[in-house]
K.L.:
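Below is the structure I would like to discuss, written out as C-alpha cells.
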Amino acid sequence: QVRLMESGGGSVQIGGSLRLSCTTPEPTFSATCVAWFRQASGKEREGVASIFRDETTQYANSVRGRKFVVSQDSARKTFYLQMNSLQPDDTAMYYCAAAQSAVDCINFRPGGFDYWGQGTQVTVSS
C-alpha cells in the first residue's frame, strides 16, 4: 500500500496563490505518474495536472494557461502543485494520486489510480 499525504490547502482570496504538496514516505516509489485531482461539492472528481517519472507534465483544459504548475523533487518523494490566480471555481478538495498506467495518467481516469491521499481543502473567496 503506497501512502500519499497532501498538505498546503487553505483559504485564499481571488487572485491568490497556494502551493500544494504531496509526500510519500515509501523508500521506493515507482509509479508512472502522480496526478492532482480535485472534487468540488456536488461535482465529479476531475484531473488537474500530472507529472510523469521523466518529469513530463500535462494539464487539464480547465487549468491550462492559468498558471498552475506541477513539479516534483529530485528524489521523487514530494510532488507539488503551484496554483496561481485562483478563482472561486477552483474551490474543491484536492487529492494527489499515483498510477502505473500511462494511459490512465494521460486520460486522468480516476479508476486507474491505485493510490490516493486523504485530500486537502482549497477555498477561494472574494
Side-chain angles (χ1 to χ4, degrees):
Q1 182 74 16
V2 173
R3 292 169 293 168
L4 299 170
M5 296 169 286
E6 303 96 336
S7 61
S11 297
V12 296
Q13 293 186 325
I14 293 173
S17 299
L18 283 173
R19 188 175 80 157
L20 306 183
S21 299
C22 172
T23 302
T24 176
E26 307 303 322
T28 58
F29 185 68
S30 62
T32 297
C33 83
V34 168
W36 289 94
F37 288 80
R38 65 185 180 186
Q39 187 166 19
S41 180
K43 295 187 178 180
E44 293 186 355
R45 190 167 298 188
E46 64 169 351
V48 176
S50 63
I51 185 164
F52 289 72
R53 194 182 296 126
D54 65 358
E55 299 192 72
T56 300
T57 60
Q58 67 169 20
Y59 297 91
N61 290 334
S62 59
V63 302
R64 189 173 293 123
R66 286 193 46 220
K67 300 181 181 180
F68 279 37
V69 179
V70 61
S71 61
Q72 60 191 16
D73 69 4
S74 59
R76 214 164 173 253
K77 296 298 184 185
T78 304
F79 305 84
Y80 303 99
L81 182 66
Q82 177 68 43
M83 304 186 295
N84 302 317
S85 301
L86 286 164
Q87 302 298 313
D89 285 351
D90 296 315
T91 295
M93 184 72 79
Y94 283 72
Y95 301 88
C96 65
Q100 295 294 351
S101 166
V103 172
D104 290 330
C105 291
I106 291 169
N107 293 318
F108 288 119
R109 191 177 75 88
F113 283 75
D114 301 309
Y115 307 105
W116 292 81
Q118 80 288 351
T120 186
Q121 178 68 38
V122 171
T123 303
V124 184
S125 58
S126 57

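All residue numbers in this chain count up from 1 along the given sequence.
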K.L.:
Any heavy-atom pair between the side chains of P25 and M5 that's under 4.5 Å?
P.N.:
yes

K.L.:
So which heavy atom on T24 is nearest to which on F79, and how close?
P.N.:
CG2-CE1, 4.4 Å

K.L.:
At their closest point, which heavy atom of S85 faces which heavy atom of K67, and how far apart are they?
P.N.:
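For S85 and K67, the tightest heavy-atom pair comes out as OG-CD, 3.9 Å.
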
K.L.:
Is the backbone N or O of R3 less than 3.5 Å from a side-chain atom of E26, with the two atoms forming a donor-acceptor pair by type?
P.N.:
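A pair under 3.5 Å: yes.
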
K.L.:
Write down the atom of M83, the atom of V122, and the distance for their closest heavy-atom approach.
P.N.:
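Where M83 meets V122 most closely, the heavy atoms are CE-CG2, 3.8 Å.
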
K.L.:
Do P88 and I14 make a side-chain contact, defined as non-hydrogen atoms from C-beta onward lying under 4.5 Å apart?
P.N.:
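They are in contact (side-chain heavy atoms under 4.5 Å apart), so the answer is yes.
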
K.L.:
Are more than 12 heavy atoms from other residues, nucleotides or ligands located less than 6.0 Å from atom NZ of K77?
P.N.:
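Yes, NZ of K77 has more than 12 neighbouring heavy atoms, counting only those of other groups under 6.0 Å.
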
K.L.:
How far apart are the C-alpha atoms of W116 and F37, what are their side-chain angles, what is the distance that settles it, and do they pass the ring-ring contact (aromatic ring centres under 6.0 Å, His included) test?
P.N.:
CA-CA 10 Å; W116 292 81; F37 288 80; 4.9 Å; yes

K.L.:
So, taking the atom named SG in C105 and the one named CD1 in I51, what distance separates them when rounded to the nearest 0.5 Å?
P.N.:
11.5 Å

K.L.:
Locate the shortest heavy-atom distance separating R53 from Q72; write the atom from each residue and the value.
P.N.:
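Minimum heavy-atom contact is O-NE2, 3.6 Å.
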
K.L.:
If you compare all heavy atoms of T78 against all heavy atoms of T23, which two are closest, and at what distance to 0.1 Å?
P.N.:
OG1-OG1, 3.7 Å

K.L.:
Indicate yes or no for a side-chain donor-acceptor contact from T32 to the backbone of Q100 under 3.5 Å, with no hydrogens or angles considered.
P.N.:
yes

K.L.:
Using only atom types and a distance under 3.5 Å, with no angle test, would you say the side chain of R64 pairs donor to acceptor with the backbone of Y59?
P.N.:
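Checked: pair present.
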
K.L.:
Restricting to non-hydrogen atoms, name the atom on L20 and the atom on Y94 that form the minimum distance, rounded to 0.1 Å.
P.N.:
CD1-CB, 3.5 Å

K.L.:
May I ask whether L18 and L4 are part of the same hydrophobic cluster, defined by side-chain heavy atoms of I, L, V, M, F, W, Y residues being less than 4.5 angstrom apart, directly or through others?
P.N.:
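Looking at the clustering, L4 is in the same group as L18.
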
K.L.:
Quick one: OG1 on T120 to CG on L81, what's the gap to the nearest 0.5 Å?
P.N.:
11.0 Å

K.L.:
State the SG-CZ distance between C96 and R38, to the nearest 0.5 angstrom.
P.N.:
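It is 15.5 Å, given to the nearest 0.5 Å.
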
